[in-house]
2 protein chains.
Amino acid sequence: MPEKSEKNGRLNVIASLRKLISEGVYAPGERLKELHVAERLQVSRMPVRLAFRTLEQEGLLQKTGTRGYVVRQFSEEDVLCAVEVRGALEGLAARRLAEQGVTEEVGAQLRDCLSRGEALLEKGHLVKADIEVWATLNQEFHRAIVGATGSRVIHDAIARNDHLPFASADSIIIDDAVLDREYGKLRMAHAQHQLVFQALSRGEGARAEMLMREHAYIGLRYGTLFGLGEVGRASETT
Amino acid sequence: MPEKSEKNGRLNVIASLRKLISEGVYAPGERLKELHVAERLQVSRMPVRLAFRTLEQEGLLQKTGTRGYVVRQFSEEDVLCAVEVRGALEGLAARRLAEQGVTEEVGAQLRDCLSRGEALLEKGHLVKADIEVWATLNQEFHRAIVGATGSRVIHDAIARNDHLPFASADSIIIDDAVLDREYGKLRMAHAQHQLVFQALSRGEGARAEMLMREHAYIGLRYGTLFGLGEVGRASETT
DNA sequence: TCGTTATTCTTTGGATCCAAAGTAAAGGTT
DNA sequence: AACCTTTACTTTGGATCCAAAGAATAACGA
């Protein structure tokens, strides 16, 4: 059973359910029954119902025509679309930020991310733990940009579209081949980050947008969207 | 009190609450109490709680730091961002559609929209009822494009970002000046639709995208996002 | 034996109840 | 008189109960 919140001893049903789905406990296409989930999480049906609503909005669950919810299936096509949506929105954020100018604080934050990325690269190779480090770093870089636009509307739009159930790095086997590929991806992503930062600093909005949109594809290009093989299994997505 | 569903006699709490907010019954910034809304809509607190969750996801409500929800305030800046987000996403849809090719069925649907738009224009002026006609027509055109991409991911992304509480046409005073401006807007929008359709038919993806992005601004350019003066009153949006 | 109908069971949606957390107010103390 | 503490009340979150809608199954008729 999932761990409860430290603060009030309450279970975050939404997070738990999201985790169960991304772990594949509830498989894509599977019908989800309130009572079943409730018993599994040791809560009553009520919080589960709330969670279903939220996860439906996130796109993780899907209302069946008749009744109840099923776990949404994502095709490779869906993943591509999600990537493009993300690219479009983050590109928008980048353009806005470039046009409104990067503050000293945000600039420092981005530079910090870049230098930490540099440090990772200088090692010449990756170990498993580095993948998580990079993931955090990457997230920080992107969040800084989106956050710096100051537009909650854009921020929310991105957040709302960021719930595709990709497995996290620790749920798949990381062998040397994977680490090699990840290193290559990291090199490329880092270079792209540098370019984006450059464009942002120079106030080149259109260029920043274009670079960010291209950057969004990196996970696909390097075939290291963890778990893609799993989520891509679905042939039908409607 | 709002009308109940014909089918099962049940009230759509989400739609009702959304309406109440867009009508200004619950003003931006106002704290929303479950019990109060429940009594107003003649339902128990439960469906209201569900609705709060959904509307929070939609961005209409906002969780306060401590407890409860407040009606979200939208600044003019927010509206601009929402428009750009919409443009970015619909632009994406247009590009995809152009690249994958417009089917005969979708082509016919779009042509139908265009000819109906033409008919409206030929009258040389608008009456109040035409505004609603155009709104429907416009919606149909955009939906056809987004729907034709076949990507639910993109469709949902757009739908999720389409909940800003603009007042509908019938909630403001429509005088001759407004009708004139609307006629001008309609001319322009129709022309843009024609161009988008042309680009789509020719498979010119990048052009279709660019045109669609520009088209998104039309409501702002013509200052006829009904109710913008209202929602724009908020100075702070965080 | 197959199809149709009726009955039962499953599952969801809504209402009410209870507990916990947070807020406001009142009273006491310095 | 001002500030702190304690108490009462407001409001939300969770649990349970009840009703209604759907699905499955069984029984009856052709």
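Residue numbers begin at 1 in each chain, while the letters A, B, ... track the order of the sequences.
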Expected output: side-chain B:Gln100 to main-chain B:Ala148 donor-acceptor under 3.5 Å: yes
task: Can you run down the salt bridge (Lys or Arg N to Asp or Glu O under 4.0 Å) pairs that involve residues 51-60 of chain B, sequence neighbours left out, and say none if there aren't any?
output: B:Arg18-B:Glu58
Considering only nitrogen or oxygen atoms on both sides, find all protein atoms under 3.5 Å from nucleotides 17-19 of chain C and state each distance.
none

task: Taking side-chain contact (heavy atoms from CB on, under 4.5 Å) as the test, write out the residues that go with B:Ala208, two or more places apart.
output: B:Ala94, B:Ala98, B:Ala199, B:Leu200
message: Once ring pair (Phe, Tyr, Trp, His ring centres under 6.0 Å) is applied, what residue pairs with a partner in residues 10-36 of chain B remain, sequence neighbours excluded?
response: B:Tyr26-B:His36
message: Using a distance-only criterion (donor-acceptor N/O pair, under 3.5 Å, no hydrogens), is the base of C:dT11 paired with the side chain of A:Arg67?
response: yes
Gap between atoms [atom1] and [atom2], on [X] and [N] respectively (whole Å):
{"X": "B:Leu35", "N": "C:dG14", "atom1": "CG", "atom2": "C1'", "value": "15 Å"}
{"X": "B:Tyr69", "N": "C:dG22", "atom1": "OH", "atom2": "C1'", "value": "16 Å"}
{"X": "B:Leu50", "N": "C:dG13", "atom1": "CG", "atom2": "P", "value": "8 Å"}
{"X": "B:Lys63", "N": "D:dT11", "atom1": "NZ", "atom2": "C1'", "value": "14 Å"}
{"X": "A:Phe52", "N": "C:dG13", "atom1": "CZ", "atom2": "P", "value": "10 Å"}
{"X": "B:Glu39", "N": "D:dT10", "atom1": "CD", "atom2": "P", "value": "13 Å"}
{"X": "B:Glu30", "N": "D:dT11", "atom1": "CD", "atom2": "P", "value": "13 Å"}

- prompt: Which of the following nucleotides, D:dT11, D:dG14, C:dG13, is nearest to the side chain of A:Glu34?
  reply: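 The answer is C:dG13.
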Among C:dT11, D:dA15, D:dT12, the nucleotide that comes nearest once only the side chain of B:Arg31 is considered: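 So the nucleotide nearest the side chain must be D:dT12.
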message: Assuming nearest nucleotide by heavy-atom distance, tell me which of B:Arg53 and B:Lys33 is located more 5' along DNA chain D.
response: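 Per heavy-atom nearest nucleotide, the more 5' residue is B:Lys33.
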Ionic contact status for A:Arg152 with B:Asp78, cut-off 4.0 Å: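 The answer is no: the pair does not qualify as a salt bridge.
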field: All salt bridge (Lys or Arg N to Asp or Glu O under 4.0 Å) counterparts of A:Asp130, not counting sequence neighbours
entry: A:Lys123
Contacts of A:Glu77 that satisfy salt bridge (Lys or Arg N to Asp or Glu O under 4.0 Å) - sequence neighbours left out: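 Checked A:Glu77 against salt bridge (Lys or Arg N to Asp or Glu O under 4.0 Å); matches are B:Arg96.
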- request: Would you mind telling me which residue lines up with the more 5' stretch of DNA chain C, A:Met46 or A:Gly68, judged by nearest nucleotide?
  value: A:Gly68
